[in-house]
Amino acid sequence: MTFDRAAGLAESARALAAGEVTSRALVEQALARIDATQSSLNAFRVVRGEAALAEADAADRELAAGVRKPLLGVPVAVKDDMDVAGEPTAFGCEGKFPPVARDGEAVRRLRAAGAVVVGKTNTCEFGQWPFTEGPAFGATRNPWNPEHTPGGSSGGSAAAVAAGLVPAALGSDGAGSVRIPASWTHLVGIKPQRGRISTWPRGESFQGITVNGTLARTVADAALLLDAASGNHDLDPHRPARIDASEAVGRDPGRLRIALALKPPFTALPARLQPEVRRRVVELAEKLGSLGHLVEEADPPYGQIGLTFIPRATVGLAERVREAPFPALLDRRTRDAARLGRLLGGAPLRVARQQEAVLHRRIGAFFRSYDVVLAPTTAAPPPRIGAMLPLSGLATDRAMIAACPYAWPWNVLGWPGVNVPAGFVDGLPVGAQLLGPAGSEPLLISLAAQAEAELRWHEAWPPPQVVTDAPAA
């Protein structure tokens, strides 16, 4: 029994519930596709072959008994910063890590929804960079062009979904790490409100700037995975009110006031929006205008928001480095940034965290004039494999900011954002992000779905010479 790899999360769940396909067949096909592309794409750090098939058989027994759950029997993947019981959580680091005893809360909720986790996807070391490469696992490549990165740090999840290895995957986003690889692999990537998807066993990840999010080919599938993974551990410090993301997909967003924000937020290093990327984003803005929305150029009052990001990011990294079992194997840039984090862990961190409320008020006031911000997700198309890997710390920072200056402010704010495909530059995907205030996922999702219905970006697939279909199951 075979099932088209183009079938998404919702279609797979429907077909399973209708008895048109078995979970074992879907999981076998996913595992075969992973195996067929691991040498070319290298999307996975851990493949749960035997365990996933056993879980698929259990799902089939439940389905046969009439049990129904949102994702019962559907194969999905999660990023390698998430705990999966019985598997190591290396988070992109080199060395042999012990298996963890229990699922993290997000994974626990996916399993409770019936999903089968087929594996853990590659990420750069502690998720720091917009590329997915390192000595621990090599280079994860972009399904649209294997000479280029899929982005990072959720590059493995993005590559797996873009190539059709799994219909959807979880990633995490600390400075754009869901939205950037979604942009560079032609996917929908939802960075939800802080706390929407639990990061437990850490109440806050990287001092609250990192959240878990979803990657899929369609808005409906990204929303469905968001609903399945959402919810909190009893000890989570951030517990936003529940939303129904899937219901928002079919909702008319109404006539919105959209601010087209093309100017990069302030950074200490230069950043410039490449003209061809600008053109794609402006074309998307024009399409939204043709759908009846009021679109005008306006930039949120970011101020020097970057000064609040650096202490939180580096202190969060220092916390991870302190726990690392093999510190001598860490990248020199990781060790240097952690050293800075140890220096910023007192008063600078307290001031940075206190500034979040100030930023909420100032940037929140911008949303009295506009409903949504439309901005580039990146300033450039995806770089070539290896372009940033050998650089010094400062040179890496320069290259990151030049390519990706737009995503990180929403991590400081903790508010939601959705990457949507915006087209191609020289055959490489680029994206745009829809950004809103606290709790605005339903509005952003409804707008993204409206755009998708017009642009039908999910109908485009990477070249077949890179993405190899699995043999028939």
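Given the structure is predicted, the values throughout are model-derived calculations rather than measurements.
- The closest donor-acceptor contact from the side chain of T185 to the backbone of P181 lies under 3.5 Å.
- With 3.5 Å as the limit, one finds no donor-acceptor pair spanning the side chains of T132 and N122.
- Of the N and O atoms on the side chains of D81 and S172, at least one donor lies less than 3.5 Å from an acceptor on the other residue.
- Pairs passing the side-chain hydrogen bond (donor to acceptor under 3.5 Å, both in side chains) check and including a residue from residues 423-436, sequence neighbours excluded, read R179-Q433.
- Looking at R279 and E283, no side-chain N of the basic residue comes within less than 4.0 Å of a carboxylate O on the acidic one, giving no salt bridge.
- Of all heavy-atom pairs spanning L443 and L256, the tightest one is CD1-CD2, 3.8 Å.
- Taking 4.0 Å as the cut-off between side-chain N and carboxylate O, D371 and R257 count as a salt-bridged pair.
- The shortest non-hydrogen separation linking P130 to I180 is CB-CG2, 4.3 Å.
- Contact check for L288 versus V372: no side-chain heavy atoms found under the 4.5 Å cut-off.
- Between E87 and K120, no side-chain nitrogen of the basic residue sits less than 4.0 Å from a carboxylate oxygen of the acidic one, so the salt-bridge criterion is not met.
- You'll find the side chain of Q193 stays beyond 4.5 Å of the side chain of S440, heavy atoms only.
- Between the D221 side chain and the P167 main chain, no donor and acceptor come within less than 3.5 Å of each other.
- Under a 4.0 Å N-O distance rule, the pair R353/E204 qualifies as a salt bridge.
- For the pair T214 (side chain) and A222 (backbone), a donor-acceptor distance under 3.5 Å is present.
- Heavy-atom minimum distance, P416 versus P437: CD-O, 3.3 Å.
- Looking at R202 and E323, a side-chain N of the basic residue comes within less than 4.0 Å of a carboxylate O on the acidic one, giving a salt bridge.
- Considering only heavy atoms from C-beta on, I385 stays 4.5 Å or farther from H148 through its side chain.
- Taking all atoms of both residues into account, the shortest heavy-atom contact from L344 to P311 is CD1-CA, 3.9 Å.
- Atom CG in D336 sits 11.5 Å away from atom CG in L330 (nearest 0.5 Å).
- At least one donor-acceptor pair under 3.5 Å links the side chain of Y406 to the backbone N or O of L262.
- Evaluated for a side chain to side chain donor-acceptor pair (under 3.5 Å) with W184, the options T149, T377, N142, T378 yield exactly one hit, T378.
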*Just do the side chain to side chain contact (heavy atoms under 4.5 Å, CB included) check on V118 and V76 with the steps written out, would you?*
CA-CA 6 Å; V118 295; V76 300; over 6 Å; no
*Which is it for R278 and E297 under the salt bridge (charged side-chain N to carboxylate O under 4.0 Å, His left out) test, yes or no, and what are the steps along the way?*
CA-CA 13 Å; R278 184 186 195 279; E297 286 197 39; 3.7 Å; yes
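- For the pair P300 and V373, the minimum side-chain heavy-atom distance is below 4.5 Å.
- Panel note: side chain T210, backbone F206; no donor-acceptor pair is recorded below 3.5 Å.
- In this structure, I197 CD1 and N212 CG are separated by 6.0 Å, a value rounded to the nearest 0.5 Å.
- The main-chain N or O of P146 is found under 3.5 Å from a side-chain atom of R141 such that the two form a donor-acceptor pair.
- Salt-bridge annotation for R312 and E319: absent, with no side-chain N of the basic residue lying under 4.0 Å from a carboxylate O of the acidic one.
- Shortest non-hydrogen contact noted between T199 and S205 is OG1-N, 4.1 Å.
- Although no hydrogens or angles enter the test, the distance criterion places no donor-acceptor pair under 3.5 Å between the side chain of N42 and the main chain of S39.
- Between W415 and H360, the angle of the ring planes stays under 30°, which puts this pair in the parallel group of the 30/60° scheme.
- There is no side-chain donor-acceptor pair under 3.5 Å between R196 and S230.
- Taking CG of D331 as the reference point, atom CD of E94 lies at 10.0 Å (rounded to 0.5 Å).
- For the pair M400/R398, no side-chain contact is recorded, criterion being any heavy-atom separation below 4.5 Å from C-beta on.
- No side-chain heavy atom of I190 sits under 4.5 Å from any side-chain heavy atom of D173.
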*Determine, stepwise, if the pair T121 / V166 fulfils side chain to side chain contact (heavy atoms under 4.5 Å, CB included).*
CA-CA 11 Å; T121 58; V166 289; over 6 Å; no
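- Judged by distance alone, with hydrogens and angles left aside, the side-chain atoms of N411 form a donor-acceptor pair with the main-chain N or O of I209 at under 3.5 Å.
- Side chain of R109 to backbone of N232: a donor-acceptor contact under 3.5 angstrom is found.
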*Are W461 and H186 close enough, and set up right, to give a ring-ring contact (aromatic ring centres under 6.0 Å, His included), and what steps lead you there?*
CA-CA 9 Å; W461 280 87; H186 199 68; over 10 Å; no
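- E276 has a carboxylate O that lies under 4.0 Å from a charged side-chain N of R280, or vice versa, which qualifies the two as a salt bridge.
- Salt bridge annotation for D103-R108: absent, with no cationic side-chain nitrogen under 4.0 angstrom from a carboxylate oxygen.
- Residues in residues 314-349 take part in these ring pair (Phe, Tyr, Trp, His ring centres under 6.0 Å) pairs, two or more places apart or across chains: F97-F326.
- F126 meets the ring pair (Phe, Tyr, Trp, His ring centres under 6.0 Å) test with F91; sequence neighbours excluded.
- Inspection of the T123 and D80 side chains reveals no N or O donor paired with an N or O acceptor under 3.5 Å.
- Looking only at side-chain heavy atoms (C-beta outward), Q207 and L349 come within less than 4.5 Å of each other.
- Summarising the geometry of V315 relative to G345, their closest heavy-atom pair is CG2-CA, 3.7 Å, with the distance given to 0.1 Å.
- Side chain to side chain, K79 and S177 fail the donor-acceptor criterion of an N or O pair below 3.5 Å.
- Between atom CE of residue M82 and atom OG of residue S157 there is a gap of 7.0 Å, rounded to the nearest 0.5 Å.
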*Evaluate side chain to side chain contact (heavy atoms under 4.5 Å, CB included) for L260 paired with L374, printing each intermediate quantity in order.*
CA-CA 5 Å; L260 175 60; L374 171 66; 3.9 Å; yes
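- Heavy-atom neighbours of R239 CZ from other residues, nucleotides or ligands within 6.0 Å: above the threshold of 12.
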*Starting from the C-alpha separation in whole Å, work towards a yes-or-no answer on side chain to side chain donor-acceptor pair (under 3.5 Å) for E452 and T218.*
CA-CA 8 Å; E452 179 181 85; T218 67; 4.8 Å; no
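- Around atom CZ of R368, no more than 12 heavy atoms belonging to other residues, nucleotides or ligands sit under 6.0 Å away.
- Using a 4.5 Å heavy-atom threshold, the side chains of V84 and R48 count as touching.
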*Show your reasoning for whether side chain to side chain contact (heavy atoms under 4.5 Å, CB included) applies to L447 and I258.*
CA-CA 11 Å; L447 178 59; I258 300 174; 4.1 Å; yes
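- A cation-pi contact, defined as under 6.0 Å to the ring centre and within 45° of the axis, is absent between R217 and W457.
- Put simply, the side chain of E125 never gets that close to the backbone of C93: no donor and acceptor are under 3.5 Å apart.
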